[in-house]
Structures are given as C-alpha cells and as structure tokens.
Number of protein chains: 2
Amino acid sequence: MTAQRRQPRSRPETLARRRDILDAAVEIFGSKGFAGGTLQEIADQVGMTHAGILHHFGSKDQLLIEVLQHRDETDVADLEEQHIPDGMPLFRHLVRTAFVNEHRAGIVQAYAVLSAESVTDDHPGRAFFEKRYRTLRSEVAHAFEVVCAERGITTPDTIADASTSILAVMDGLQVQWLLDPTAVELARASEFAIEAIVTAVLSPTPSPLADGADEHAQPSRSSV
Amino acid sequence: MTAQRRQPRSRPETLARRRDILDAAVEIFGSKGFAGGTLQEIADQVGMTHAGILHHFGSKDQLLIEVLQHRDETDVADLEEQHIPDGMPLFRHLVRTAFVNEHRAGIVQAYAVLSAESVTDDHPGRAFFEKRYRTLRSEVAHAFEVVCAERGITTPDTIADASTSILAVMDGLQVQWLLDPTAVELARASEFAIEAIVTAVLSPTPSPLADGADEHAQPSRSSV
DNA sequence: GTCTATAAGCTGATAGAC
DNA sequence: GTCTATCAGCTTATAGAC
C-alpha cells in the first residue's frame with residue numbers, strides 16, 4: 001500500500017490528458033446526465049475530437065465508470081488526510097461536508113443526477129452507486145454503534161434506519177437546493193436534520209404521531 | 001369546480017387513447033429516464049407508431065409535461081377524496097404514503113429519476129418539479145405551524161428546515177431503496193426519520209454534536 | 001496520441017395517403 | 001386518428017493515416 005495506486009499506464013503526459021478528460025466528463029455528465037451528455041461535448045471542452053476520447057477510454061460506458069471511480073478516489077484521498085473520523089466526529093464531518101457542498105454546486109449536481117439516473121435499466125453507474133451507498137451506510141452505522149456503546153444503547157434496526165436516513169436527507173436536500181437555491185438552506189437544513197436524527201437515536205422519545213383515532217384504514221379491533 | 005376539469009378535447013375514445021399513451025410514457029420515462037427513453041419504446045408499449053404519439057402530443061417535451069401534470073392530477077384527486085390532512089395528521093399521512101410506496105416501485109422510480117434529471121440543462125420537467133417542491137414544502141410548513149401554534153412555539157427557520165428535510169428524507173430513501181431494496185426498509189426508515197424531525201421541532205434539545213474541541217478548521221481565537 | 005473519414009444506427013419531427 | 005415514407009441530424013464506434 002505505497003503511494004502509487006497502480007502502475008502508470010504510460011507517460012505522465014498521457015495520464016494528465018486522461019485526467020483532463022475525466023474532469024470534463026464530470027462537468028458534462030453532471031449538467032446533462034449520462035444519457036443526455038455526449039462524447040462530442042466532452043471532446044469540445046477538452047479540445048479534441050470524440051475519437052480521441054474513445055482512444056483513451058474505449059467506450060462511453062467505461063468513461064462513466066472511470067469518472068465515478070476517479071471522483072471517489074479523489075474524495076477518499078481528501079478524507080484520508082484527515083484520517084477518517086468515527087463516532088460523533090463523523091456526524092460533525094457530514095455537517096461540515098454540507099457546508100462545503102454549498103460552494104460546489106457542480107459536483108453536488110453530478111452526484112445527484114447520476115445517482116438517481118443509475119437506477120434506470122442497464123445503467124453503467126448502477127454497481128458503483130450500489131456499493132457506494134452500502135459502504136457509506138455501514139460507515140455511518142459504525143459511528144452510531146460507537147456512540148451507542150458508550151451509553152449502553154443497543155437498537156440495531158434503529159441504527160440501520162438512522163444511518164440510511166442521514167444519507168437520504170443529505171441527498172434529498174441537494175436536489176431541492178439545486179432546483180431552487182433561494183428556497184433551501186442546504187447546510188443549515190442538513191445540520192438540523194442530522195442533529196434531529198442523532199438525537200432520536202441517543203434519546204428515544206415516544207412517537208409524536210401516535211395518538212390519532214382512525215389511522216390505519218384496516219378495521220382492527222377497536223381499543224377503547 | 002364541477003367534476004369535468006376541462007372541456008373534452010374530442011371524443012372520449014380519443015381521450016382514453018391519450019391516457020394509454022400517458023401511462024406508457026410514465027413507465028418508459030421511469031425506467032429509462034427522459035433523455036434515455038424514446039418515443040419508439042412508448043409507441044411499442046401502447047401498440048402504435050411514434051408518429052401517432054406525436055400526433056397526440058406534438059413533441060417529446062410536451063409529452064413529458066403532460067405526463068407530469070396527469071400524474072399530479074391523479075394523485076391530488078386521490079388526496080382530495082380524503083380531504084387534504086393538516087397539522088399532525090399530515091405527518092401521519094406522509095408515513096402512510098411511504099408504506100403505500102413500498103408496493104409501487106414503478107411510480108416511485110419515475111418520480112425519483114425524473115425529479116433528479118430535471119435539474120439538468122433545459123430539462124422540460126424543471127418548472128414542474130420546482131413548483132411541486134415549493135407547494136409541498138409550504139404544505140408541510142403549514143402543518144408545522146398548526147401544531148407549533150397549539151404549543152406556543154414559533155421558530156420560522158426551524159420550520160423551514162424541518163419541512164424541506166422531511167421531503168428530502170423521503171426522496172433520498174427512495175433512491176437507496178430502489179438501488180437495493182433488501183438493504184433499506186423504505187417505510188420503516190421513513191417513519192423513523194419523520195418522527196425524529198417532528199420531535200426535534202416540538203421538543204428542541206441541545207445539539208448532540210456541540211462539544212468537540214477542534215471543529216471548524218478556520219483558526220479562531222482559542223476559547224479556553 | 002490525435003486526427004479524418006466513415007460507418008451503421010437511431011433520434012425526433014414532418015408530410016401526406018388512407 | 002393512424003399509418004408509411006422520409007428527412008436531416010446526431011449518436012457511438014471503428015479503421016487507418018500521420
């Protein structure tokens with residue numbers, strides 16, 4: 001596990017070119033989607049022909065896959081510098097990420113658009129996002145387990161629901177924020193929701209929704 | 001405000017045909033996205049040629065717009081039968097919706113895919129989703145105002161953050177659930193998150209995240 | 001490594017017969 | 001109202017010159 005991740009495929013000049021293409025692809029796929037964006041547009045942005053791009057990546061599908069991997073490696077590298085937080089600091093890190101994201105609309109949009117598009121039939125990014133969410137969920141769940149253990153709380157289902165919910169709010173807020181930045185305070189709302197969910201795990205309270213009379217439509221035995 | 005919404009454009013036979021096309025379009029756009037889905041596929045599903053579809057709707061863009069309007073009218077009609085809930089019952093209604101959605105993966109996917117895709121450049125569904133979220137947010141916010149007023153709580157920012165967050169979790173959970181239904185309990189997690197957020201509004205607690213030492217990276221004056 | 005040229009296919013949309 | 005025929009345009013991808 002040294003510094004160099006894989007053997008350089010070729011001259012550093014070529015690798016730099018590949019990185020240029022990957023950066024351009026993030027921007028185009030982010031602003032047009034994968035199905036909507038074209039190799040031509042990516043080629044224009046980086047100043048070559050679409051044939052040149054296919055020379056480097058073989059196919060459009062493969063380009064998307066490498067775009068996602070590259071983005072992930074970059075983000076993970078950033079994280080590792082601050083050696084991955086755990087326990088309560090992880091939740092603080094997620095809030096901080098939301099504040100940072102407020103100034104990176106481009107990358108936020110790329111993830112928002114591509115993750116949702118990845119659920120469509122035969123989408124080349126599907127495996128990536130499936131794995132990504134699985135990993136993120138287990139990281140957040142582990143943080144919950146740490147803070148819960150300290151306080152003697154053990155509620156596996158709750159931890160699972162809370163973990164997936166925290167990632168879900170962050171994603172959902174991004175979509176609403178991208179649609180109307182003036183109507184949604186991305187960072188502040190993310191902080192509020194994450195605090196609400198963490199609090200619900202650490203200090204369970206009776207459900208505020210459980211008092212109505214005629215809820216579940218199914219005719220159950222009437223409890224006087 | 002009688003039963004018929006607009007004057008029938010033509011024979012009821014034609015309207016039925018249009019509805020068939022709209023239903024097919026939801027399915028195709030839902031499973032392939034708007035950019036990825038084609039008029040040909042929609043035509044095949046309904047048993048005609050793509051020229052026939054263009055005869056009815058004029059353009060692919062216009063078809064999407066009418067698809068979204070039609071879906072919305074259908075859903076709203078369902079809601080009005082149970083005359084739109086408000087206050088605490090609205091939150092219960094949202095939870096119930098999550099339970100129903102667990103058995104309607106097709107429609108869930110259509111909304112998830114199209115709403116995220118709508119943030120891309122010049123997407124014909126953008127105006128629809130902008131308005132949709134604006135409306136939903138204000139409805140949820142109003143429900144919060146009702147229950148807050150009963151208890152003498154007034155926190156406009158909190159209500160805004162909570163309202164947008166509730167819609168956000170529901171959306172975000174749907175994406176994760178569509179990617180891996182075995183890993184996410186859509187309804188249960190939605191219920192947990194909504195309860196957590198409602199509780200946070202009604203019974204504010206000190207932030208569980210505020211105790212760490214070296215948070216915000218910026219070198220502020222050290223408070224000993 | 002990048003280009004030009006070319007292929008083969010599909011796209012949304014139009015015109016006109018029935 | 002639906003079809004066939006046709007269009008121009010654009011898509012990804014390949015082959016081969018430089």
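Naming convention: chains lettered A, B, ... in sequence-line order (proteins, then strands); numbering from 1 in each chain. FYI, side chains are in, hydrogens and waters are out, and symmetry mates aren't considered; it's all heavy atoms of this structure. None of the values given here were measured: they were computed from a predicted structure.
Of the listed nucleotides (D:dA13, D:dT11, C:dG12), D:dA13 has the atom at the smallest distance from the side chain of A:Ser59. When distances are taken from the side chain of B:His55 to each of C:dT11, D:dT2, C:dT2, the shortest belongs to D:dT2. Closest contact between the side chain of B:Ala51 and the listed nucleotides D:dC3, C:dT4, D:dG1 involves D:dC3.
Rounded to whole Å, the distance from CD on A:Glu13 to P on C:dT2 is 8 Å. What separates CG of A:Asp44 from P of D:dT12 is a distance of 12 Å, to the nearest Å. Here D:dT12 presents its P atom at 15 Å from CZ of A:Phe57, a figure rounded to the nearest Å. Across the protein-nucleic acid pair, A:Gln40 atom CD and D:dA13 atom C1' stand 13 Å apart, rounded to whole Å. In this structure, A:Ile53 atom CD1 and D:dT14 atom C1' are separated by 16 Å, rounded to whole Å. Atom-to-atom, CZ of A:Arg11 to P of C:dT2 comes out at 9 Å; the value is rounded to the nearest Å. Rounded to whole Å, the distance from CZ on A:Phe34 to C1' on D:dT12 is 10 Å. Distance B:His56 NE2 to C:dA13 P: 16 Å, rounded to the nearest Å.
Dashed line: the shortest gap from a side-chain N or O of B:His50 to OP1 or OP2 of D:dC3 is not under 4.0 Å. The side chain of A:Arg18 contributes no N or O atom lying less than 4.0 Å from OP1 or OP2 of C:dG1. Taking only side-chain nitrogens and oxygens, A:Thr49 never comes nearer than 4.0 Å to OP1 or OP2 of C:dT2. An OP1 or OP2 oxygen of C:dG1 is reached within less than 4.0 angstrom by a side-chain nitrogen or oxygen of A:Thr14.
A cation-pi arrangement is absent between A:Lys60 and A:Phe29 under the rule of less than 6.0 angstrom and at most 45 degrees off the ring axis.
A:Asp161 has its side chain out of reach of A:Ile197: every pair of non-hydrogen atoms, C-beta onward, lies at least 4.5 Å apart.
The main-chain N or O of B:Glu41 is found under 3.5 Å from a side-chain atom of B:Thr38 such that the two form a donor-acceptor pair.
In this structure, B:Leu54 reaches the bases: a heavy-atom distance under 4.0 Å links it to at least one base atom across the strands shown. Here B:Gly36 lies out of heavy-atom contact (under 4.0 Å) with every strand.
In the model, B:Thr182 has a side-chain atom that pairs as donor or acceptor with a side-chain atom of B:Asp180 under 3.5 Å.
Salt-bridge check for A:Arg126 with A:Glu130: passed, with a basic side-chain N closer than 4.0 Å to an acidic carboxylate O.
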